[in-house]
Amino acid sequence: MTKYIFVTGGVLSSLGKGLAAASIGALLESRGYNITIQKLDPYINVDPGTMSPFQHGEVFVTDDGAETDLDLGHYERFTNMSATQQHNWTTGRIYQKVINKERRGDYLGNTVQVIPHITDEIKNSITKLASPETDIVLVEIGGTVGDIESLPFLEAIRQLRLEVGPSDAINLHLTYVPYMRAAGELKSKPTQHSVKELRSIGIQPDIILCRSEYDLPDDLRRKVALFCNVPTDAVKVAIDVDNIYKVPLKLADQNLDSLVCQLLNLDAGKIDLRKWRDLSALIDSDRAEVNLAIIGKYVDYPDSYKSISEAFTHAGFHHRVRVKVEWLESARFEKGQHLEELARFDGIMIPGGFGSRGVEGMIRAIQYAREAHIPFFGICLGMQLASVEFARNVAGLESANSSEFEDDPRYKIIYKLRELVDIDEMGGTMRLGAYHCELEPGSLARKAYGAEAVSERHRHRYEFNIEFKKSLEAKGLTFSGISPDGMFMEIIELRNHPWFLGCQFHPEFKSKPFEPHPLFRDFVGAALKRHKSQADTQKADSPKEEAVS
Ligand code: GLN
């Protein structure tokens, strides 16, 4: 029978509930259990697809095309689970479902209410993830206890635990224990208040996980335990770490996962943490640095490119180097100024994005990377702009553009496929989720993946216009990844360049610490090569005395 772990948060937002859930999931997997993790978000938007990355961070896309919360990225990276539409529900989507049922007459004339109709729908969304293959479902409730919006979700998990019984469902509450410099003390009062709030709506936490800058002294653990009505051993610390991939070990060191097993009446068995320990040692080791520039629009909000940052960290693990990323605002390069600043980087990336702001600056940077032979990686918008740059500056199609940025450009290199071909199955307005793509023998892509075909996730409205395929090919652009029906150009690349590749999909969503994405891996590999050769040139150029001293 499937068991449940409900993860709630108190005191503040951004305490790392998602990472805590992902880490506990990883530890339970290390004990041989099959787990899955779900996020329930109390906001009213039906999904985060329409929310600004400035406000909500990255939209994480699943294979089945769901636009979800970025915590699902952590779940997939830390564990073997694969997220779907069913793994992220919002208040908006729950209400939408209930309202649709009401309109269809499914409630047979009953008054539709938060309890039981909304709470039943929430419970359905949770229990739907139970299956004979799934031992444990972890459910993270977004927001903070005390928010009006989260009440129906909390009520639903209260009911669910009552229904399945205490040995099949437990509550873990993540709180914050601040350090007060003036008093020189860690403070437990906010935790006490948060648990009081939770208990007032009928939820008694089984485990209290305290996010803290410092380890918790024994007397503080005892105090939290006493006031919050849990055994002292159930008070654990989620201590600040310099790298998120250390969190599972920090929790394992306090036997958090064996306590979870004990509470859920599960055989704790043996745990194998070797891969996490090796990774932790690698993180602490002295590693050379590779410097990359990411040129984009949301650069002041690194959360909007969460999966990209993580994918670079993973590629760094593979090469045993530290990947240092500098985020540059593309407007800086708009008129072709400041481009020489890019020479010091080992690689240049243009990530995905929407809207015309800053795109001319990105095109300039791409031209610079192409001409100066700096490894280049373009993702989605980055690939589209690399095609436009090539059309303009190599193929002589000067007014080439994407119809996203200009109404009717003379050379419409990137366009909305629906403008010319009516493809019904494109459904909404974006191409979302996993699509297959066949790889050209001998290409960078084929070499990276070591496969003839791959499946990657998409999130975009515009496509490369195949009318221009032949003319750009004639000038040296390689289309190394094409959809099986020949309609979609998924990967472009250049020969005669150390590494220049653009992909229409988002490879960052599939990168994991123990399985770095092949394209990120090879891009960082190319950047590392440049880094080493530049260091060698510098050495050779420096005066003898200096080299000796
Ligand atoms: N704006 C482009 C499109 O919609 C690229 C989207 C993206 O980079 N995710 O096609």
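Numbering of ligands and ligand atoms starts at 1, following listing order. In what follows, residues are counted from 1 in the order of the sequence shown.
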Checklist entry - What class does the angle between the rings of H373 and H497 fall in, given that below 30° is parallel, 30 to 60° is tilted and above 60° is perpendicular? => result tilted
Checklist outcome for this item: One finds that the ligand 1 atoms under 4.0 Å from a non-hydrogen atom of H506 are 9 (N)
Checklist entry - Under 4.0 Å from ligand 1, counting heavy atoms only, is it the side chain of M430, its backbone, both or neither? => result neither
Checklist entry - Taking atom 9 (N) of ligand 1 as the point of reference, which of H458, E463, R459 owns the nearest heavy atom? => result R459
Next on the checklist: I need the I466 CD1 to S483 OG distance, nearest 0.5 Å.
Outcome noted: 8.5 Å
Item to check | Reference residue E58; test side-chain hydrogen bond (donor to acceptor under 3.5 Å, both in side chains); the match among S304, S309, S307 | outcome: S307
Checklist entry - Where the closest heavy atom to atom 6 (C) of ligand 1 is concerned, which of G355, P351, G353, G382 has it? => result G353
Next on the checklist: Can you see whether S480 engages E493 through a side-chain donor-acceptor pair at a distance of less than 3.5 angstrom?
Outcome noted: yes
Checklist entry - Do any nitrogen or oxygen atoms of L381 lie less than 3.5 angstrom from nitrogen or oxygen atoms of ligand 1? => result yes
Next on the checklist: Looking only at protein heavy atoms, which one is nearest to atom 4 (O) of ligand 1, and what is the separation?
Outcome noted: R461 N, 2.9 Å
Item to check | For atom 10 (O) of ligand 1, closest protein heavy-atom neighbour | outcome: Y462 N, 2.8 Å
Checklist entry - Nearest 0.5 Å, what's the OG-CG distance between S387 and L477? => result 6.5 Å
Checklist entry - Which atoms of ligand 1 sit under 4.0 Å from any heavy atom of G352? => result 8 (O)
Next on the checklist: Give me the residue, atom name and distance of the protein heavy atom closest to atom 7 (C) of ligand 1.
Outcome noted: C380 SG, 3.0 Å
Checklist entry - Does the ring center of W327 lie less than 6.0 Å from the ring center of Y301? => result no
Checklist outcome for this item: Of all protein heavy atoms, the one nearest atom 2 (C) of ligand 1 is E404 OE1, 3.2 Å
Item to check | Donor-acceptor under 3.5 Å (R410 side chain, S399 main chain) | outcome: no
